[in-house]
Visitor: 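Here it is, the structure, as structure tokens.
We number each residue from 1, following the sequence as shown. Quantities reported herein were computed from a predicted structural model and do not represent experimental measurements.
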Amino acid sequence: MLRFVTREIPGLIVVEPEIHRDKRGFFLECYHAEKYREAGIDVDFVQDNHSSSNRGTLRGLHGQNPQPQGKLVRVLEGEIFDVVVDARRGSPMYGRYVTIVLSSENFKQLYVPPGLLHGFVVMSEVAQVEYKCSEFYNPKAEFSVAWNDPALAVPWPIEEPSLSAKDAQAPPLADVQDLLLEFAP
């Protein structure tokens, strides 16, 4: 059984699988196309990505245009503090964020629809994150927004994260308006 929980940002869905545990370990269904479609995640995923990051690594906030990606994110090892920002022009939730802890212990997944900004910081010693994408990665389409943009005021649980050079130089959301998608209800 899979439980699908909608969040405040339109299209953002938390997936909570039923975990069957016994003395041997556990079993869970981590993807079922028909059930996901019925729950509103009607996406043909075309690429899977897997990252490993150390404690304090912050990846994001990332968006794509053109070729915006919808992402189904889960953690295979460790724990992350995941952040999604609605960056779709005209959205009733524009500029607002949702946070969630994803871990290898809670097995939750997060569906992030195209047009939203996504990022996370690693809270455990190491975290392995895997995500399915609705579009192929295009490095020319990717852009970053400052993780600590004061206009967003995301309550990151870290003050001095380890960042890539690109993320360290990312502009505030107000400076990337020409890269944002329009909200389509």
Side-chain angles (χ1 to χ4, degrees), residues 1-9 11-64 69-86 97-114 116-137 142 144-145 147-148 152 154-164 166-167:
M1 182 175 144
L2 295 163
R3 183 172 167 234
F4 297 88
V5 181
T6 58
R7 295 297 303 258
E8 304 85 347
I9 294 176
L12 188 64
I13 301 172
V14 177
V15 182
E16 298 176 351
E18 182 177 357
I19 304 152
H20 304 278
R21 297 179 192 266
D22 63 24
K23 64 182 180 182
R24 300 168 297 162
F26 68 86
F27 174 84
L28 67 112
E29 184 177 75
C30 53
Y31 184 73
H32 188 290
E34 186 176 303
K35 292 176 184 177
Y36 279 61
R37 226 180 332 275
E38 290 171 2
I41 305 173
D42 190 7
V43 177
D44 290 326
F45 293 108
V46 297
Q47 180 176 328
D48 283 3
N49 296 331
H50 184 144
S51 71
S52 179
S53 306
N54 298 322
R55 181 187 300 277
T57 297
L58 193 151
R59 296 182 183 268
L61 297 163
H62 298 152
Q64 304 82 28
Q69 293 179 317
K71 299 174 183 171
L72 182 61
V73 183
R74 70 185 187 127
V75 173
L76 302 175
E77 175 187 8
E79 179 178 284
I80 64 172
F81 180 83
D82 201 285
V83 176
V84 178
V85 176
D86 195 337
Y97 61 82
V98 167
T99 67
I100 184 172
V101 172
L102 300 177
S103 74
S104 57
E105 294 297 314
N106 70 21
F107 294 97
K108 292 180 182 179
Q109 298 174 20
L110 184 64
Y111 176 67
V112 181
L116 303 184
L117 300 176
H118 178 251
F120 63 86
V121 66
V122 177
M123 304 304 295
S124 52
E125 283 303 310
V126 173
Q128 291 195 48
V129 178
E130 184 177 72
Y131 55 99
K132 295 181 166 305
C133 299
S134 63
E135 286 289 337
F136 294 109
Y137 176 69
E142 186 172 60
S144 294
V145 169
W147 69 278
N148 58 352
L152 299 176
V154 174
W156 294 98
I158 190 167
E159 291 183 24
E160 295 184 30
S162 176
L163 300 166
S164 70
K166 181 177 74 171
D167 288 346

Visitor: Taking C-beta and beyond as the side chain, do L152 and V83 meet within less than 4.5 Å on heavy atoms?
Guide: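 L152 vs V83: side chains apart.
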Visitor: For the backbone of G78 and the side chain of S104, can you confirm whether one donor and one acceptor N or O come within less than 3.5 Å of each other?
Guide: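 Pair found, side chain donor or acceptor close to backbone of G78.
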Visitor: Return the minimal non-hydrogen interatomic distance between V84 and I9, and the atom names on each side.
Guide: O-CD1, 3.8 Å
Visitor: Please enumerate all residues that pass side chain to side chain donor-acceptor pair (under 3.5 Å) together with E77, with sequence neighbours excluded.
Guide: Q128
Visitor: Is there a side-chain contact between V43 and K132 (heavy atoms, below 4.5 Å)?
Guide: no
Visitor: Which residues satisfy the ring pair (Phe, Tyr, Trp, His ring centres under 6.0 Å) test with F136, sequence neighbours excluded?
Guide: none
Visitor: Report the residues that fulfil salt bridge (charged side-chain N to carboxylate O under 4.0 Å, His left out) with R7, sequence neighbours left out, ordered by chain and then residue number.
Guide: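 For R7 there are no salt bridge (charged side-chain N to carboxylate O under 4.0 Å, His left out) partners, ignoring immediate neighbours.
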Visitor: Atom CD of residue position Q47 - does it have more than 12 heavy atoms of other residues, nucleotides or ligands inside 6.0 Å?
Guide: yes
Visitor: Please find the pair of heavy atoms, one from V126 and one from S124, that lie closest to each other, and give the distance.
Guide: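 Nearest heavy atoms, V126 then S124: O-OG, 2.7 Å.
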Visitor: Let me confirm one number: the CD-CG distance from E160 to L58, rounded to the nearest 0.5 Å.
Guide: 12.5 Å
Visitor: Decide yes or no for Y137 and E142: does some side-chain heavy atom of the first lie under 4.5 Å from some side-chain heavy atom of the second?
Guide: yes
Visitor: Starting from the C-alpha separation in whole Å, work towards a yes-or-no answer on side chain to side chain contact (heavy atoms under 4.5 Å, CB included) for L110 and L72.
Guide: CA-CA 6 Å; L110 184 64; L72 182 61; over 6 Å; no
Visitor: Mind checking salt bridge (charged side-chain N to carboxylate O under 4.0 Å, His left out) for E130 and listing every partner two or more places apart, or none if nothing turns up?
Guide: R74
Visitor: Using 0.5 Å steps for rounding, measure from the CD1 atom of I41 to the CD1 atom of I13.
Guide: 4.0 Å
Visitor: For K166 and S144, work out which heavy atoms get closest and say how close.
Guide: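 Nearest pair, atom of K166 first, then S144: CE-OG, 3.5 Å.
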Visitor: Distance-only, no hydrogens or angles: does the N49 side chain make a donor-acceptor pair with backbone N or O of C133 under 3.5 Å?
Guide: no
Visitor: So which atom in W147 and which in G60 form the shortest heavy-atom distance, rounded to 0.1 Å?
Guide: CB-O, 4.1 Å
Visitor: For the residue pair V145 and V85, establish whether any side-chain heavy-atom pair is separated by less than 4.5 Å.
Guide: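 A side-chain contact under 4.5 Å is absent here.
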Visitor: More than 12 non-hydrogen atoms from neighbouring residues, nucleotides or ligands closer than 6.0 Å to CZ on F27, yes or no?
Guide: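 Counting neighbours around CZ of F27, 12 or fewer heavy atoms of other residues, nucleotides or ligands fall under 6.0 Å, so no.
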Visitor: Between NZ of K71 and CD of E135, what distance do you get to the nearest 0.5 Å?
Guide: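 These two atoms lie 12.0 Å from each other.
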Visitor: Indicate yes or no: at least one non-hydrogen side-chain atom of W156 is less than 4.5 angstrom from one of N148.
Guide: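 The answer is no, as the side chains (C-beta and beyond) never meet within the 4.5 Å cut-off.
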Visitor: Around atom CG of D22, are there more than 12 heavy atoms from other residues, nucleotides or ligands closer than 6.0 Å?
Guide: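 Enclosed: over 12 neighbouring heavy atoms sit under 6.0 Å from CG of D22.
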Visitor: So, for L2 and E29, which heavy atoms are closest and what is the spacing to 0.1 Å?
Guide: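 Of all heavy-atom pairs spanning L2 and E29, the closest is CD2-O, 3.4 Å.
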Visitor: Do any N or O atoms from the side chain of Q69 and from the backbone of Q64 form a donor-acceptor pair under 3.5 angstrom?
Guide: no
Visitor: Provide the closest heavy-atom pair for A127 versus I80 in the form atom of the first, atom of the second, distance.
Guide: CB-CG2, 3.8 Å
Visitor: Roughly how far apart are R3 CZ and K108 NZ, rounded to 0.5 Å?
Guide: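 So the CZ of R3 and the NZ of K108 are separated by 8.5 Å.
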Visitor: Out of V75, D82, L102, V73, which one pairs with F120 under the side chain to side chain contact (heavy atoms under 4.5 Å, CB included) rule?
Guide: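 The single option meeting the side chain to side chain contact (heavy atoms under 4.5 Å, CB included) with F120 is D82.
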Visitor: Are V121 and P157 close enough that some pair of their side-chain heavy atoms sits under 4.5 Å apart?
Guide: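 Yes, close enough: below the 4.5 Å cut-off.
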Visitor: Could you tell me which residues satisfy ring pair (Phe, Tyr, Trp, His ring centres under 6.0 Å) with F4, sequence neighbours excluded, listed by chain and number?
Guide: Y36
Visitor: With D167, which residues qualify under salt bridge (charged side-chain N to carboxylate O under 4.0 Å, His left out), at least two apart?
Guide: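 Partners of D167 under the salt bridge (charged side-chain N to carboxylate O under 4.0 Å, His left out) test: none.
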Visitor: Are H118 and Y131 close enough, and set up right, to give a side chain to side chain contact (heavy atoms under 4.5 Å, CB included), and what steps lead you there?
Guide: CA-CA 12 Å; H118 178 251; Y131 55 99; over 6 Å; no
